[in-house]
4 protein chains.
Amino acid sequence: MAGRNENSKRAVLEATSEMLSDATVQQLSIEAIAKRAGVGKTTIYRWWPNKSAVVIDAFMEHHLIHTPIPDDVPVREALVTHVTSLVEQYAGPGGRLVAQLIAESQYDEQILTAFRERFWNGRRAAVLELVKRGVREGELRDDTDAELMVELVYSPVYVRLLLGYRELDREFARAVVDAAFAGIAPATAKTSPGKKRARRITRS
Amino acid sequence: MAGRNENSKRAVLEATSEMLSDATVQQLSIEAIAKRAGVGKTTIYRWWPNKSAVVIDAFMEHHLIHTPIPDDVPVREALVTHVTSLVEQYAGPGGRLVAQLIAESQYDEQILTAFRERFWNGRRAAVLELVKRGVREGELRDDTDAELMVELVYSPVYVRLLLGYRELDREFARAVVDAAFAGIAPATAKTSPGKKRARRITRS
Amino acid sequence: MAGRNENSKRAVLEATSEMLSDATVQQLSIEAIAKRAGVGKTTIYRWWPNKSAVVIDAFMEHHLIHTPIPDDVPVREALVTHVTSLVEQYAGPGGRLVAQLIAESQYDEQILTAFRERFWNGRRAAVLELVKRGVREGELRDDTDAELMVELVYSPVYVRLLLGYRELDREFARAVVDAAFAGIAPATAKTSPGKKRARRITRS
Amino acid sequence: MAGRNENSKRAVLEATSEMLSDATVQQLSIEAIAKRAGVGKTTIYRWWPNKSAVVIDAFMEHHLIHTPIPDDVPVREALVTHVTSLVEQYAGPGGRLVAQLIAESQYDEQILTAFRERFWNGRRAAVLELVKRGVREGELRDDTDAELMVELVYSPVYVRLLLGYRELDREFARAVVDAAFAGIAPATAKTSPGKKRARRITRS
DNA sequence: CGATAAACGAGACGGTACGTCTGGTCTTGTG
DNA sequence: CACAAGACCAGACGTACCGTCTCGTTTATCG
């Protein structure tokens, strides 16, 4: 039995990676990747179901985004650090690629799944951990909805990435984290919201 | 331009609209639209720069999403109503289409612009107005960052739409609005956050 | 309606014709023809069902074989002249091509039909005419089976062409015609063959 | 040493033989043969240079055509018997295969050689023998061109096989042999043809 | 009788070409 | 005389096989 040739795999991912710096995912073609990698098209189709799968793998190998979460500072600051570095990386070429992967996901359930598993879930887990610490150390309310927290913190980043609505910068990162921690109702409000808020924000 | 072409235009948009109920934007082809509309390909290219532009127009004509914002209830409730109806519409077939338009936007600046102008800005303006009212009526702090508010409220909706991370439902709509209004730090906190929060959340 | 572009057609046939001088029909590819002709593959597939059809057309336009049949000499001599010139042309590059067309015919009924109609039937008709004259002028027996005559005269030529069994030359052309006219039984034979022959050779 | 595995060889030929009843030589692929035979492609390439070689071997083993030539009847009748049985076999599925082998021969000199050696030469030798007997026993003229005889008798059969010009049947077999023995000039002719014929028909 | 080297099955590899599809442009005949 | 109809060039799609090339795994002498 033959077994997979690691050289081919590497060549494909490398070629893809290189080409992605000049072209969009849509512009890439399996044919061009194969030619650039010096590999038969069949070899690509043998190991990947489609173009986006190749792109995801290439991205994971060469463009991996590292977003450290310090654990020796208050949770809020740790989050700011984390989101800031995420934002900074998404502001570069890697961001365009991630946006395109999300685009491809709209047409292929498998890409969507892969994207969620390889990008979203990793970060989500880190934030969940962080929230747990925050609760433990009293920095967050006991009934904090951690999952919602994940979405509150990341969603604006992804929307800016996708819609280019406004700049992806550190200011923005801090504002988002602050908002997630604070809310914007008048600090003096003594009305029901105070209580309701706690209830509402908790998700089953 | 001859009167004749209004018919063609309408036929194209109608054909596109019909076909979109069975197919993704990617699956549509100018060729197929032309055939179904009984129109020459040239005619389409004369009036629209590309497929996505046709789709946007078709969507605006036939699938328009209405998300009322009541003005006789507290801002927070008005927002909940608004986001809830948005979420409900995005949970249906219209949502899939919007997601695909965002996807197409990643590959064409013009689509992105069109999308922002026709979808995002409309809602954004409504929310800005609402925030203004909230400030005026004392329901929101004077220094509320209205633009940030827009993002805080909509982003999680779009991210769930695109990543299908969790269900798009009314629970979620309310939770998101509540979060935007509240924040999740301990209610009893007397620390700096109180003041810092105000400063931080304000954007220059 | 658009209507066929004569330039494209000509370019395809010319390219095919040129390439056929260096390559076998099997070695030709639609892709290569399209490239050489500066034409889209689609255009070829639009007008011809397959490679062999293109080759037949190209051959008819550029390599056509002319085999005159004089009508002012005895039928036998006219036939010798005709077969000789056929043989001489088949001995050249045109012969290889005809052989390959017969080969292709084994895999495609349409090619076979086209081949018979465009090559075989033309010659056959000429020989039938000739036989008619021969009978009229008393050079051939009244009951001559003209169709059989066609086969007797051409078959050995085609078999030598295909099997390369022996040289295709003028000697051979004359021998074949003579044989068709003569037979090889002893001239002195007084046996039944004389009569039977007449009956047998006539086909219903 | 491992030694050649006769099982593999047999399996390949058997698989080929079976597949040939449903498919043309062109449609067969080494890959399919290997799979059907439960054999590695390498094994096939080790023992045969190409597809046609496998087909020839398979044909020789399973579809061999037997065409008896009786030696106790006049040569003419013996020939009729022989050609009749040849014609009858070629009218069946074996004929299609032989035609395809001739087709393949146009693209590969080795196939042509193999075909001539294994099919043509055998029959040719038998006919040569027969002609020798005919001359010895006075049934044929001394100067009979035996090689030409071979071609005269077989060519029409092969041409009908390849071009499907008309039916391959016993009528035809007899007509061809008669023609070879007789010629078609008027029986009463006392002119030169009688002598010329003899001269002409003799080949150096 | 156990080592050893061939031939073996499996199947991955770099390639070529297939026939189809769509994109975006150009051409033509018709209503 | 505008426009539907559709032909045009271009080139990617995903598939089928090509002939070569490892891979372990039989096997079947021969040392």
Side-chain angles (χ1 to χ4, degrees), chain A residues 1-9 11-12 26-35 37-51, chain B residues 1-5 7-8 11 26-35 37-51, chain C residues 1-9 11-12 26-35 37-47 49-51, chain D residues 1-9 11-12 26-35 37-51:
Chain A
M1 293 106 213
R4 181 165 190 169
N5 180 341
E6 279 307 316
N7 286 342
S8 302
K9 181 180 175 180
V12 167
Q26 214 169 59
Q27 283 161 354
L28 272 195
S29 73
I30 295 274
E31 214 140 81
I33 294 172
K35 181 159 287 180
V39 141
K41 273 204 285 181
T42 329
T43 300
I44 298 184
Y45 283 112
R46 190 163 15 245
W47 301 111
W48 291 276
N50 52 52
K51 187 172 64 180
Chain B
M1 290 133 206
R4 179 71 189 270
N5 53 37
N7 287 341
S8 303
Q26 212 169 62
Q27 283 160 353
L28 274 193
S29 73
I30 295 274
E31 214 133 81
I33 293 173
K35 182 157 283 180
V39 140
K41 275 204 286 180
T42 330
T43 303
I44 298 184
Y45 281 112
R46 193 171 4 254
W47 300 109
W48 291 276
N50 53 51
K51 186 171 66 179
Chain C
M1 281 142 225
R4 180 165 191 170
N5 182 341
E6 279 307 316
N7 286 343
S8 302
K9 182 181 172 177
V12 167
Q26 212 169 61
Q27 283 160 353
L28 273 195
S29 72
I30 295 274
E31 214 140 81
I33 294 173
K35 182 157 285 179
V39 140
K41 275 202 287 179
T42 329
T43 301
I44 298 184
Y45 283 112
R46 187 163 19 244
W47 302 112
N50 53 51
K51 188 172 63 180
Chain D
M1 273 178 227
R4 172 170 188 167
N5 183 345
E6 278 309 317
N7 287 343
S8 302
K9 209 183 162 181
V12 167
Q26 211 169 62
Q27 283 160 354
L28 273 195
S29 73
I30 294 274
E31 217 139 77
I33 293 173
K35 181 157 284 181
V39 141
K41 278 203 285 180
T42 330
T43 302
I44 298 185
Y45 283 112
R46 183 156 28 239
W47 301 111
W48 291 275
N50 53 50
K51 185 173 65 180

Next on the checklist: Expressed as a whole number of angstroms, how long is the span from Y45(A):OH to dC13(E):P?
Outcome noted: 15 Å
Item to check | Atom of I30(A), atom of N50(A) and distance for their closest heavy-atom approach | outcome: CD1-C, 4.5 Å
Checklist entry - Taking the side chain of V39(B) as heavy atoms from C-beta outward, which of dG19(F), dA4(F), dG14(F) is closest to it? => result dA4(F)
Item to check | Whole-Å gap separating C1' (dC17(F)) and CD (Q26(D)) | outcome: 13 Å
Checklist entry - Any side-chain heavy-atom pair from T43(C) and V12(C) closer than 4.5 angstrom? => result no
Checklist entry - CD of Q27(A) to NZ of K51(A): how many Å apart, nearest 0.5 Å? => result 9.0 Å
Next on the checklist: With hydrogens left out and only the distance checked, is there a donor-acceptor pair under 3.5 Å joining T42(C)'s side chain and the base of dC8(F)?
Outcome noted: no
Checklist entry - Looking only at side-chain N and O atoms, does T43(C) come under 4.0 Å of OP1 or OP2 in dC9(F)? => result yes
Item to check | Side-chain N,O (S8(C)) to OP1/OP2 (dC9(F)) below 4.0 Å | outcome: yes
Next on the checklist: In this structure, how many angstroms lie between the C1' atom of dA10(E) and the NZ atom of K35(D), rounded?
Outcome noted: 10 Å
Checklist entry - Tell me: CD1 of I30(D) to P of dA10(E), nearest whole Å? => result 16 Å
Item to check | Along DNA chain E (nearest heavy atom to each residue), the more 5'-positioned of G40(D) and E31(A) | outcome: G40(D)
Checklist entry - Among dG14(E), dT20(E), dG24(E), which nucleotide sits nearest the side chain of K41(C)? => result dT20(E)
Checklist entry - Quick one: is dC8(F) close enough that its OP1 or OP2 comes under 4.0 Å of any side-chain N or O from R46(C)? => result yes
Checklist entry - Between dC18(E), dC17(F), dC13(E), which nucleotide has the shortest distance from any of its atoms to the side chain of N5(A)? => result dC13(E)
Checklist outcome for this item: CH2 (W47(B)) and OG1 (T42(B)) are apart, to the nearest 0.5 Å, by 13.0 Å
Next on the checklist: Whole angstroms only, please: what is the CG-P distance between L28(B) and dG24(E)?
Outcome noted: 14 Å
Next on the checklist: Rounding to an integer number of Å, can you tell me how far I44(A) CD1 sits from dA12(F) P?
Outcome noted: 13 Å
Checklist outcome for this item: One should read off an interatomic distance between Q26(C) CD and L28(C) CG, to the nearest 0.5 angstrom, of 10.5 Å
Checklist entry - So, is W47(A) near the phosphate of dG11(E), with a side-chain N or O under 4.0 Å from OP1 or OP2? => result no
Next on the checklist: Looking only at the side chain of S29(D) (C-beta and beyond, no hydrogens), which of the listed nucleotides dC21(F), dC17(F), dA5(F) gets closest?
Outcome noted: dC17(F)
Checklist entry - Whole Å only: how far is the CH2 atom of W48(B) from the P atom of dG24(E)? => result 15 Å
Item to check | Whole-Å distance separating the NZ atom of K51(B) from the C1' atom of dG23(E) | outcome: 10 Å
Next on the checklist: If you assign N50(A) and G38(B) each to the DNA chain F nucleotide with the nearest heavy atom, which residue ends up on the more 5' nucleotide?
Outcome noted: G38(B)
Checklist entry - For K9(A) and A32(B), take the nucleotide of DNA chain E holding the closest heavy atom to each; which residue's nucleotide lies nearer the 5' end? => result K9(A)
